[in-house]
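Every number for a ligand or one of its atoms is a count from 1 in the order of the listing. Heavy-atom basis, side chains included; hydrogens, waters and symmetry copies ignored. Predicted model only: the values in this text are computed from it and were never measured.
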Amino acid sequence: MKIVTVVGARPQFIKAAPVSREFNRAGIKEILVHTGQHFDENMSDIFFNQMNIPEPDYFLDINSLNHGAMTGRMIEKIEEILINEKPDYLLVYGDTNSTLAGALAASKLHIKIIHVEAGLRSFNMAMPEEINRIVADRLSYFLFCPTDTAIQNLKREGFDNLNCRIIKNGDVMQDAALMFEQYEKKIDINIPEDFILCTIHRQENTDNEQNLKSIFNALQVISEKTKIILPLHPRTQKKLTEYNLKNSSNIIIIPPVGYLNMLYLLKRCSLVMTDSGGLQKEAFFFHKLCVTLREETEWTELLENKFNFLVGCNSEKIIETYNNLQSVDTDFNINLYGNGTASKIIAEEILK
Ligand code: UD1
Ligand code: UDP
């Protein structure tokens, strides 16, 4: 059995770590293609090194382009690789442009596609990720869904009538957290006793000056009560400079960190504030509440159980929600994303 896996962005490296290990254990030959979408040392190499992910067999070095150009160039290169490697399957994770490119290239060559994190929807077609995941799902044969909501989304869209296999396997990010939490790595700065862990990178927040200013205004106010550590995605860093947004000393901005540093921060923070998809779940894994700087989330079970609070980018709403968190009484003792066997299930199902 031979699988070509396409990865390109930070969360995909983290998801690949437990899955590649299971493939190795199961004797599945995996050819790893890194599109190069993320390329800074601390957005890419650090994950391969720290998480023992095998070196990519192919590195495409395609990044920093408009969506069409990026996806198009990736398709062309991935197609060449697939013709050359003749795999049984192509595997993609999540919803990035690398996911879309991999799925399109394989579908035209009639190579069956495995989509991990299938069925998620924000129902916001203005998000590039929503377009990517809908297309990737529609083209896939194996649809590995992390949640019941994801399965219901696919059924509502008529996937029961398609030639595909819908499987609930849990969340590979839960696997990664369980696999690596013991290797948490202390970060090289002085950590305040009490701090909020924050990340911001989503296009709708960064590329709109008003939205980013509004979020930062709220962070300034909140940071007077609780300091904020903000490992900043390069896209957001560029925008802070462009919009001339000044920072206060209570918001500790640091470059992006590796996953092991992230685990260290996650375990010690008092709250997570983010527009990240993955981090919303990791907050839950480590029993922290999460304030989500978006208008919608794919992880609706976190909202239903009051682990997560959607606030968008409105300053007043962000501050008000933060102020009201003290009164939230939450029991994290519930299993929402499986028990760390999501990757094993993927390997077993493919081999069946
Ligand atoms: C991408 C994904 C998003 C995912 C995120 C994970 C798409 C459409 N978006 O968003 O779903 O949540 O990755 O982090 O695929 N940049 C650097 N150095 C890097 C990486 C990026 O400077 O190592 C810059 C690029 O030059 C680019 C900008 O950041 O200008 C955005 O990068 P891009 O990969 O297009 O999108 P992300 O925001 O990272
Ligand atoms: N992450 C990290 N270093 C950082 C910021 C995030 O290792 O500086 C990890 C985070 O813990 C999670 C993943 O990256 O596992 C989430 O990726 P991101 O927020 O970039 O993308 P999304 O999940 O929104 O697609």
Residue pairs, two or more places apart or on separate chains, that pass salt bridge (charged side-chain N to carboxylate O under 4.0 Å, His left out) and touch residues 215-236:
D207-R235

Are any of the side-chain heavy atoms of S64 and F39 separated by less than 4.5 Å?
yes

Hey, are the side chains of I81 and L60 touching, using non-hydrogen atoms and a 4.5 Å cut-off?
yes

Near ligand 2 (heavy atom, under 4.0 angstrom), the protein residues are R10, P11, I14, F47, M173, H201, R202, P231, P256, V257, G258, Y259, M262, S276, G277, G278, L279, E282

For K2, look at atom NZ and say whether over 12 heavy atoms of other residues, nucleotides or ligands are found less than 6.0 Å away.
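Yes, because the 6.0 Å sphere around NZ of K2 holds more than 12 heavy atoms from other groups.
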
Do any N or O atoms from the side chain of N205 and from the backbone of L293 form a donor-acceptor pair under 3.5 angstrom?
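Such a contact is found between N205 side chain and L293 backbone.
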
Determine whether a donor-acceptor pair (N or O, by modelled atom type, separation under 3.5 Å) exists between the side chain of R294 and the backbone of E296.
yes

Under 6.0 Å between ring centres: does that hold for F307 and F284?
yes

Is the distance between the ring centroids of H34 and F48 under 6.0 Å?
yes

For T199, the side-chain hydrogen bond (donor to acceptor under 3.5 Å, both in side chains) test, sequence neighbours excluded, returns T274

When you check ligand 1 against the protein, what N or O pairs turn up below 3.5 Å? List the atom names and distances, or just say none.
from: ligand 1; atom 1: 11 (O); to: E129; atom 2: OE2; distance (Å): 2.7
from: ligand 1; atom 1: 12 (O); to: H201; atom 2: NE2; distance (Å): 2.8
from: ligand 1; atom 1: 12 (O); to: R202; atom 2: NH2; distance (Å): 3.4
from: ligand 1; atom 1: 13 (O); to: H38; atom 2: NE2; distance (Å): 3.2
from: ligand 1; atom 1: 15 (O); to: Q37; atom 2: NE2; distance (Å): 2.8
from: ligand 1; atom 1: 15 (O); to: N97; atom 2: N; distance (Å): 2.8
from: ligand 1; atom 1: 18 (N); to: D40; atom 2: OD2; distance (Å): 3.0
from: ligand 1; atom 1: 22 (O); to: K238; atom 2: NZ; distance (Å): 3.4
from: ligand 1; atom 1: 23 (O); to: F39; atom 2: N; distance (Å): 3.0
from: ligand 1; atom 1: 23 (O); to: D40; atom 2: N; distance (Å): 2.9
from: ligand 1; atom 1: 26 (O); to: S64; atom 2: OG; distance (Å): 2.7
from: ligand 1; atom 1: 26 (O); to: K238; atom 2: NZ; distance (Å): 3.3
from: ligand 1; atom 1: 34 (O); to: Q37; atom 2: NE2; distance (Å): 3.1
from: ligand 1; atom 1: 36 (O); to: R235; atom 2: NH1; distance (Å): 3.3
from: ligand 1; atom 1: 38 (O); to: R235; atom 2: NH1; distance (Å): 2.6
from: ligand 1; atom 1: 39 (O); to: H38; atom 2: NE2; distance (Å): 2.6
from: ligand 1; atom 1: 39 (O); to: H233; atom 2: NE2; distance (Å): 2.8

